[in-house]
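Below is one structure, written out as structure tokens, with a few remarks after it.
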Protein chains: 2
Amino acid sequence: MVKNTHSTIASNVFQQLKNEIITGAIPQGQKISEVSLSTRLGISRGPLREALRLLEAINLIERTPHSGSKVVSLSYSKIRELYQIRELMEGFATRLAASQMTRPEIDTLYRLLDSHHNQIESSGTHVYLQEEGDKDFHYYIYSKCNNQWLLDYLDNSLYQLIMMCRQQTAQIPSRADLGISEHIAIIDAISDRDPEFAEILMKRHIKGAWETVKRLIFEVDLESK
Amino acid sequence: MVKNTHSTIASNVFQQLKNEIITGAIPQGQKISEVSLSTRLGISRGPLREALRLLEAINLIERTPHSGSKVVSLSYSKIRELYQIRELMEGFATRLAASQMTRPEIDTLYRLLDSHHNQIESSGTHVYLQEEGDKDFHYYIYSKCNNQWLLDYLDNSLYQLIMMCRQQTAQIPSRADLGISEHIAIIDAISDRDPEFAEILMKRHIKGAWETVKRLIFEVDLESK
DNA sequence: AAGAATATAATTGTTGACAATTAATAATAT
DNA sequence: ATATTATTAATTGTCAACAATTATATTCTT
């Protein structure tokens with residue numbers, strides 16, 4: 001039932017390392033030694049190097065010739081630029097999706113939101129579940145944008161970095177409601193076939209997320225001194 | 001004087017293959033055999049595979065596990081989606097640049113345009129020179145956007161594909177003037193510190209380029225049957 | 001003792017052989 | 001003759017050893 005046909009060591013290791021970086025198991029800025037990592041994983045350096053190239057391609061590690069790789073460290077300005085470009089691209093993706101989603105797809109989106117909402121209420125207010133639901137919601141929309149370059153960049157590169165930011169600011173419990181009402185408003189705009197408005201709402205939603213992240217970064221900064 | 005310090009076989013081969021693909025020396029859709037290519041280049045398969053990973057990262061080749069790599073083939077819809085996303089991102093980059101470029105940088109941009117204009121008039125109307133100048137102009141602007149993710153994506157991924165499109169439609173001589181007056185208008189808006197207008201003009205400019213490409217694709221299509 | 005030059009160690013880059021998988025060919029059954 | 005299975009060939013994936021480069025430690029000079 002696992003879709004691990006066509007699996008290779010390189011791609012598996014890529015997935016594993018991606019998770020370890022995003023969750024912070026391998027901390028930001030850490031230098032990566034090919035020999036020690038490959039021995040830890042029980043593989044040779046060949047596939048590991050391929051995995052590292054893939055990680056570099058989605059901006060999770062930086063690589064300098066003859067010197068080595070290290071996990072990216074997300075400075076304040078990098079995160080700001082990240083949310084800036086996310087607002088632009090995901091806003092546009094939402095506009096495209098709003099003009100192209102079918103009625104059944106919109107219904108599914110409503111149900112998706114409902115189910116997440118119920119899950120959160122029934123199982124207490126687990127932040128983890130909320131964030132999973134948030135991710136699903138955003139993914140479901142931008143995956144309907146009908147532009148393969150946009151989708152590829154949002155899904156493979158931008159969102160990985162966004163997840164990393166969340167991990168970085170997740171120590172402090174975030175705002176209780178992750179913008180559920182905003183989510184509803186966005187779907188309503190899509191349902192009304194109003195792409196411009198859907199885009200505006202999504203951009204505001206992301207801008208709000210950025211404000212939260214910014215505040216958390218500031219608070220973490222205060223705590224550490 | 002060459003800045004090939006820190007050069008590796010993999011990165012050199014990457015550059016070479018990138019050029020061969022963009023210029024069409026290796027045609028679109030062609031399957032790539034690792035053994036024959038590595039022997040042709042006189043290297044082993046290791047660095048070639050690294051180069052192929054890099055090419056995959058900028059969307060110039062597609063790769064399927066255990067099957068192999070092939071050069072991407074730019075269908076009509078892919079090109080349309082490419083220009084769609086280029087308009088969005090480069091337009092936004094222009095807005096950012098307009099609000100952040102310094103006066104000396106703007107002056108340099110004016111001189112750049114002048115020098116290209118003179119070169120074209122003096123040496124006849126070489127299409128090649130025009131396109132080089134066009135590329136320089138666009139690069140100089142979006143490189144001032146102050147957003148590393150945006151710059152990275154525009155420069156490394158999108159523009160490589162755009163160059164491929166041009167190659168594809170370059171058999172037919174394109175419109176005589178590549179929009180020099182539009183270029184001037186864009187710089188003027190930047191010089192006037194009017195980011196919104198600069199963005200609008202850049203988006204219109206790119207939309208115009210797309211209309212030209214679309215027409216050329218259509219004509220090529222007619223010729224071939 | 002401080003700094004520069006040299007030598008040593010550690011790390012990354014490259015290679016060629018081998019294993020695993022897929023594509024192509026030949027043989028067999030209906 | 002066609003479709004299906006078995007066999008062979010070709011291609012990609014992985015490994016371990018070697019070469020080239022960079023980082024570290026040591027020695028030497030002032």
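Just so it is clear, the model here is predicted, and its values are computed rather than measured.
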Decide yes or no on ring pair (Phe, Tyr, Trp, His ring centres under 6.0 Å) for A:Y159 and A:Y139, but give the supporting numbers first.
CA-CA 9 Å; A:Y159 256 77; A:Y139 172 77; 8.5 Å; no

Nearest-Å distance, [atom1] ([X]) to [atom2] ([N])?
{"X": "B:F14", "N": "C:dG13", "atom1": "CZ", "atom2": "C1'", "answer": "18 Å"}
{"X": "A:I43", "N": "C:dA19", "atom1": "CD1", "atom2": "C1'", "answer": "16 Å"}
{"X": "B:E34", "N": "D:dT14", "atom1": "CD", "atom2": "C1'", "answer": "12 Å"}
{"X": "B:I32", "N": "D:dG13", "atom1": "CD1", "atom2": "P", "answer": "13 Å"}
{"X": "A:I9", "N": "C:dA20", "atom1": "CD1", "atom2": "C1'", "answer": "10 Å"}
{"X": "A:L48", "N": "C:dT11", "atom1": "CG", "atom2": "P", "answer": "14 Å"}
{"X": "B:L52", "N": "D:dT11", "atom1": "CG", "atom2": "C1'", "answer": "13 Å"}

What nucleic acid atoms does A:G46 come within less than 4.0 Å of, heavy atoms only: base, sugar-phosphate, or nothing?
nothing

Taking only heavy atoms on the protein side, list every residue of residues 56-72 of chain B lying under 4.0 Å from any atom of DNA chain D, sorted numerically.
B:R63, B:P65, B:H66, B:S67, B:G68

Can you find a side chain N or O atom of A:R49 that sits less than 4.0 Å from OP1 or OP2 on C:dT12?
no

At less than 4.0 Å, is any side-chain N or O atom of B:K31 found next to OP1 or OP2 of C:dT22? Yes or no.
no

Output yes when [X] and [Y] qualify as a salt bridge under the 4.0 Å nitrogen-oxygen rule, no when they do not.
{"X": "B:R111", "Y": "B:E105", "answer": "no"}
{"X": "B:R53", "Y": "B:E56", "answer": "yes"}
{"X": "B:K70", "Y": "B:E34", "answer": "no"}

Rounded to the nearest 0.5 Å, how far does CD of A:E81 lie from CG of B:L150?
9.0 Å

Parallel, tilted or perpendicular, judged at 30° and 60°: which one describes the rings of A:H183 and A:F137?
parallel

Measure from the side chain of A:R45, starting at C-beta and using heavy atoms only, and say which of D:dT14, C:dG16, C:dG13 lies closest.
C:dG13

Establish, yes or no, whether the cationic atom of B:K144 lies under 6.0 Å from the six-membered ring centre of B:Y140 and within 45° of the ring axis.
yes

